[in-house]
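Start at 1 with the first residue, then count along the sequence.
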Amino acid sequence: MLRSKAIDILMSFTASELKIFNDYLQSPLYCKNKKVVELAGILITAARNGSLESFTDSKALKKYITQHKLSDQSLRNLFSAILNHEYEFLTLNCGKDKAMEESVLLKELYKRNVMSVFETRVTTLMKRIASKQKLKEYDLKVLMKTHEVLAQHFENSNDKDSYAQLALNYGRQLAINQLANLLKQKINETHNEHLMFDTLPKSHTPQKEKTTSTFLHFSADVDNRWYLFYQGYKLALLALTDPDNTDAYTRFKDFVTMNFDKVNPTLRRKWLYLMDQNCNLRLKNGHGLFLKERMWVHKVLVNENVLNVNDSGWMNYEMFLNIIDTGLVNNETAWTEEFVSKHISLIAVADRESLLSFSMGLCELNKNNFKNALRLFQKVELTNLKYKFGVRSALLKIYFELNYYDQFVSLADAFKKLTNNHSELNPVFSANNLLFIKLAEKLFRLKLGDEVQLPDDVHLLINKMVNYGDRKWLNLKGFELIKKGSLEPNEAH
């Protein structure tokens, strides 16, 4: 008589679980096969009576087989169906995530000591990945979520070498994957205030330290093929975690420059992106020297032709604008114009014309060609909030420079309303935008000779601005007013 794994799992169920599982099977939502429901009911009764161990030789099973005239194969199929229902029952809360489902099932089987089923599934997993140099996403997720259970199992078994080989082959890939996730999380947490919209989901919770240390315990020696991936991500994370430590960034940069030619363009681009994020964070924290460093990073991105493009070959327009902003803040207008002319073709056709006008408008504004800039900005289709806010910010500066009083006052009022009316904006972005408008208004009135006094701590307010280009422009206008005698030297910085 057969010995089914369905019986092994059912023997691990508590009395309350047996009741819930029985109710589960009775629901046509989960099980529509009456023969399966009937056989499972007989099994559950035997489990409650403590006679499940000898069930395959019981009179109840023989009666069931005779009544339904079942062959051995038909009986096996019914037990297999019950086994699948047990798997579903143990993983009901996993949704459609198959990797989560498998990892939860393995943990449940191990916790319940149903080793006949656990070892079969682990063996299948090991065989599937044994010949692969790089894990597929499904297997990687399963290993990430079950590695502690697997380690404990193999430690207590006679097959320690299998897990040792698994850790050797894939341990660093697990570490790299976890470091990449931590980096994404850290970038979102650290730079969320720079973004127009919040990027973290409402249910987001920080990664637990225990989970972090679990994956970082995989050592990486220089000769290992994962070393460059692992060490680069690790140094990037350490630099992001300690933004006031210039040495942490320098160590990451030195590592990147030393190994840049050893890796493929994809990893080069990722390293440079992480350097860019580090520079951005340090600029936010008041380390102005990183303006030139960020310029260097963006020049390497362009010169090495590792700009980030999607599968269709188009570049993200926000990264395009970031490069432009960096060039103009560093007063490298000629380089920026050359970048725009050479790379605008990487932008999707639908966005290209407006982005070209917007980008060249910023360049003309930076060269103090205000009327040319005004003409270009008027060509931009305000199809998204990036343009709606960017164009208005630029026009406010142009009206300031050209002394267009009525236009300036009208736009400032409309700009404040636009900011306040979009509740989905990042609160920090909104607050800084309103602060920029407020300070620009005060400077404009002083410029025109109105009796308006700036706050004593105006320089502190300006230097709280997240947008470094706006911060630089406000400081510059303040200094110009000092030279003209509109402000006392201690009123602007």
Side-chain angles (χ1 to χ4, degrees), residues 133-137 140-141 144 170-192 194-195 199-200 207 212 215-216 218 220-222 224-243 245 248-284 290 293-326 339 343 346-347:
Q133 290 187 340
K134 185 175 182 179
L135 296 179
K136 291 186 176 180
E137 184 179 1
L140 182 60
K141 285 183 177 179
M144 282 184 66
Y170 302 111
R172 291 172 182 84
Q173 190 175 344
L174 294 176
I176 289 163
N177 190 81
Q178 180 66 359
L179 277 169
N181 288 336
L182 289 171
L183 278 166
K184 288 178 184 177
Q185 175 187 306
K186 187 65 180 176
I187 288 168
N188 272 353
E189 289 176 346
T190 304
H191 304 295
N192 203 29
H194 289 271
L195 306 175
T199 57
L200 293 177
Q207 193 71 263
T212 306
F215 287 95
L216 296 188
F218 290 109
D221 55 79
V222 177
N224 189 279
R225 64 192 179 96
W226 295 112
Y227 171 75
L228 295 178
F229 294 86
Y230 176 90
Q231 192 70 1
Y233 282 6
K234 181 179 177 181
L235 289 171
L237 182 60
L238 291 173
L240 279 171
T241 306
D242 194 2
N245 184 349
Y249 173 81
T250 302
R251 282 192 290 272
F252 176 44
K253 180 184 178 181
D254 289 346
F255 175 85
V256 170
T257 52
M258 184 184 303
N259 296 287
F260 198 77
D261 293 333
K262 300 177 184 177
V263 300
N264 60 35
T266 300
L267 187 54
R268 292 177 188 175
R269 180 168 58 247
K270 288 180 179 178
W271 280 350
L272 290 167
Y273 170 75
L274 291 169
M275 290 176 71
D276 179 53
Q277 293 299 312
N278 266 286
C279 291
N280 198 24
L281 173 60
R282 283 159 171 77
L283 286 170
K284 168 185 171 290
F290 277 86
E293 180 65 19
R294 197 179 193 199
M295 186 75 247
W296 177 85
V297 172
H298 285 177
K299 283 185 174 181
V300 175
L301 270 169
V302 174
N303 294 339
E304 294 292 334
N305 197 27
V306 287
L307 294 167
N308 194 13
V309 295
N310 61 23
D311 294 338
S312 301
W314 304 124
M315 182 180 176
N316 180 283
Y317 82 95
E318 290 190 1
M319 186 62 195
F320 192 94
L321 285 175
N322 284 340
I323 294 174
I324 292 169
D325 287 343
T326 302
F339 165 77
H343 297 91
L346 292 176
I347 299 300

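Side chains of L274 and Y233 form a contact here, defined as non-hydrogen atoms less than 4.5 Å apart. Residues K270 and V263 are not in side-chain contact: their nearest non-hydrogen atoms beyond the backbone lie 4.5 Å or more apart. In this structure, H298 and V302 have side chains that are not in contact, with every pair of non-hydrogen atoms separated by 4.5 Å or more. For the pair L281/Y249, no side-chain contact is recorded, criterion being any heavy-atom separation below 4.5 Å from C-beta on. Within the 4.5 Å cutoff, the side chain of L272 has no heavy atoms near those of the R269 side chain.
R294 places no side-chain N or O within 3.5 Å of a backbone atom of N280 that could act as its donor or acceptor partner.
How far CE of M319 is from CG of D276: 5.0 Å, rounded to the nearest 0.5 Å. Note that CZ of F320 and CG of D325 are 11.0 Å apart. Values are rounded to the nearest 0.5 Å.
Aromatic ring centroids of F255 and W271 lie under 6.0 Å apart.
Taking the charged nitrogens against the carboxylate oxygens, E293 and R282 have no contact shorter than 4.0 Å, which rules out a salt bridge.
The two atoms that bring F290 and C279 nearest to each other are CD2-SG, 3.9 Å, heavy atoms only.
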| request: Please lay out, stage by stage, how L307 and I323 fare under the test side-chain contact (heavy atoms from CB on, under 4.5 Å). | output: CA-CA 10 Å; L307 294 167; I323 294 174; 3.7 Å; yes
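Taking a 6.0 Å sphere around CG of N305, one finds it holds 12 or fewer heavy atoms contributed by other residues, nucleotides or ligands.
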